[in-house]
Visitor: 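I have a structure here, written as structure tokens, and I will follow up with some questions on it.
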Amino acid sequence: MWVGTMGIRTAFRQTRWITIGALAVAIWTVVVWFEVLGLMEWTAMDYVGRSAVSGVIGLLVLGALVVLLVAMFGELGEEEPAPESWPPT
């Protein structure tokens, strides 16, 4: 599922503050991703600290967060289901 520009435009038009907050979290997540990637010590054989094992687990968690944010952007950009008229016809 890829969120196109029209989806983000629609989301921004419908829910401006939620979209801005979600974009800020997405940018922060990408920055932290590269910081974790740069701090990992690939040759360390320990499971605690800056070793490759704990770094990869952190990257997996950040990746899952990015997937959830992309799904949320997709839902923010949707116009359906719209509220139904009342009384029903």
Side-chain angles (χ1 to χ4, degrees):
M1 170 182 15
W2 173 252
V3 179
T5 26
M6 289 305 290
I8 292 176
R9 285 182 188 161
T10 305
F12 191 71
R13 188 182 71 233
Q14 292 176 356
T15 53
R16 184 175 312 243
W17 292 109
I18 295 174
T19 306
I20 290 171
L23 280 172
V25 170
I27 291 169
W28 173 81
T29 304
V30 170
V31 168
V32 170
W33 171 282
F34 286 112
E35 286 181 9
V36 169
L37 192 61
L39 290 174
M40 286 173 38
E41 295 178 6
W42 293 98
T43 57
M45 296 312 241
D46 194 11
Y47 291 105
V48 178
R50 296 181 176 179
S51 67
V53 174
S54 58
V56 168
I57 291 171
L59 292 177
L60 288 174
V61 170
L62 289 170
L65 179 62
V66 167
V67 167
L68 288 174
L69 286 171
V70 167
M72 187 181 81
F73 277 126
E75 292 300 319
L76 285 175
E78 286 292 321
E79 294 182 4
E80 295 292 329
E84 294 184 19
S85 62
W86 184 258
T89 56

Visitor: Do I18 and L65 sit in the same hydrophobic cluster, where Ile, Leu, Val, Met, Phe, Trp and Tyr count as joined when their side-chain heavy atoms come under 4.5 Å apart?
Guide: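 Linked within one cluster.
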Visitor: Shared ILVMFWY cluster between L37 and V56, side chains joined below 4.5 angstrom?
Guide: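 Yes.
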Visitor: Kindly give the heavy-atom pair with the smallest separation between A52 and W42, and that separation in Å.
Guide: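 Looking at all heavy atoms of both residues, the shortest contact is CB-CE3, 3.7 Å.
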Visitor: Hey, what do you get for CH2 (W28) to CG (L69), rounding to the nearest 0.5 Å?
Guide: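 Interatomic distance, W28 CH2 to L69 CG, rounded to 0.5 Å: 10.0 Å.
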Visitor: For V61, enumerate each residue passing the side-chain contact (heavy atoms from CB on, under 4.5 Å) test, keeping only those at least two apart in sequence or located in another chain.
Guide: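 V61 satisfies side-chain contact (heavy atoms from CB on, under 4.5 Å) with no residue once adjacent residues are dropped.
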Visitor: T29 pairs by side chain to side chain contact (heavy atoms under 4.5 Å, CB included) with which of V25, V31, I27?
Guide: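 One option only clears the test, and that one is V25.
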Visitor: Of all heavy-atom pairs between M40 and L59, which one has the smallest distance, and what is that distance?
Guide: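 Answer, listing the atom of M40 first, then L59: SD-CD1, 3.9 Å.
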